[in-house]
Student: 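Before we start, here is the structure in question, set down as structure tokens.
Counting starts at 1 for both ligands and their atoms, following the listed order.
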Amino acid sequence: MHVLVSLTLCQSSERGCTGGPHRTPAAGAVHCGEGAKNEDWKLCLTRSSLPPSQVMLVGDSGVGKTCLLVRFKDGAFLAGSFISTVGIDFRNKVLTVDGVKVKLQIWDTAGQERFRSVTHAYYRDAHALLLLYDVTNKASFDNIQAWLTEIHEYAQQDVVLMLLGNKVDSAQDRVVKREDGEKLAKEYGVPFMETSAKSGLNVELAFTAIAKELKHRSMKLPNEPKFKLHDYVKKEVRGSGCCRS
Ligand SMILES: Nc1nc2c(ncn2[C@@H]2O[C@H](COP(=O)(O)OP(=O)(O)OP(=O)(O)O)[C@@H](O)[C@H]2O)c(=O)[nH]1
């Protein structure tokens, strides 16, 4: 990902901005340069944005990738007959993370085997991957290892990866326990949460966590502590009081 350097951050439109990171700020101005206080940086970053980041949704057909994206983008649930994605589709959404606009270009891939070669072509350019299984479908969970093998083969080594167990609203049909998802995620060292595109549970959180990680990777405020995606997800999921079944 390209890094937007501080030089472009402090525009003349900014309140009291002196226009460059190394210039001496005028009285009462916001100083955006080296040694600037976090508060000043935050003001300068408010109207800044990062170049778009590509986030890819992957997992077996029917696990709910399209529904998760529609829930996140439009706040709605696509009920009714299931229409499989053909090839690849994408939507954009801008999130504001710590005052910085993070543009996500989200690719919804087809889970069907016959489109796998199309999906492979997109892995290389993905900054983040959300890997889904369906908690009511054991096969989709068992296939996660195969998906991870594919990800390791085709995606960038430092790609941000998160495992999601979707459809937790279907409590009676659940066949994959939360603990099993947690165990698998731990084994592979990836953050994990359960979601529901139907109820909206943790959908915003999943994308926000990814956006935060991407933002922190490309732009770090001076004196800002390192962002730890695992810890953030654990804390936020616990805080949401979800996922106990
Ligand atoms: N109960 C419940 N059903 C869901 C949820 N998410 C998706 N579904 C249903 O699962 C089916 C498949 O959803 P999609 O989002 O189309 O699945 P997909 O992973 O995009 O499938 P492909 O495009 O074939 O890869 C649809 O009938 C959805 O209504 C959920 O969170 N809860």
Student: Identify the residue among Asp169, Asn202, Asn166 that makes a side-chain hydrogen bond (donor to acceptor under 3.5 Å, both in side chains) with Thr195.
Tutor: Asn166

Student: What pairs of residues pass the ring pair (Phe, Tyr, Trp, His ring centres under 6.0 Å) test when at least one of them lies in residues 136-175, not counting sequence neighbours?
Tutor: His120-Tyr154, Tyr133-Phe141

Student: Protein residues near ligand 1, heavy-atom distance below 4.0 Å?
Tutor: Asp60, Ser61, Gly62, Val63, Gly64, Lys65, Thr66, Cys67, Phe77, Leu78, Gly80, Phe82, Ser84, Thr85, Thr109, Ala110, Gly111, Asn166, Lys167, Asp169, Ser170, Ser196, Ala197, Lys198

Student: Establish, for the pair Lys93 and Phe72, whether the NZ or CZ atom is under 6.0 angstrom from the six-membered ring centre and no further than 45 degrees off its axis.
Tutor: yes

Student: For the pair Asp231 and Lys235, find out whether any cationic side-chain nitrogen is under 4.0 Å from an anionic carboxylate oxygen.
Tutor: no

Student: So does Ala76 get a backbone contact from the side chain of Asp74, meaning a donor-acceptor N/O pair under 3.5 Å?
Tutor: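 The answer is no, because no donor-acceptor pair under 3.5 Å joins these two groups.
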
Student: Kindly indicate, with the supporting measurements, whether the criterion salt bridge (charged side-chain N to carboxylate O under 4.0 Å, His left out) is fulfilled by Lys215 and Asp98.
Tutor: CA-CA 9 Å; Lys215 181 253 159 190; Asp98 307 330; 3.7 Å; yes

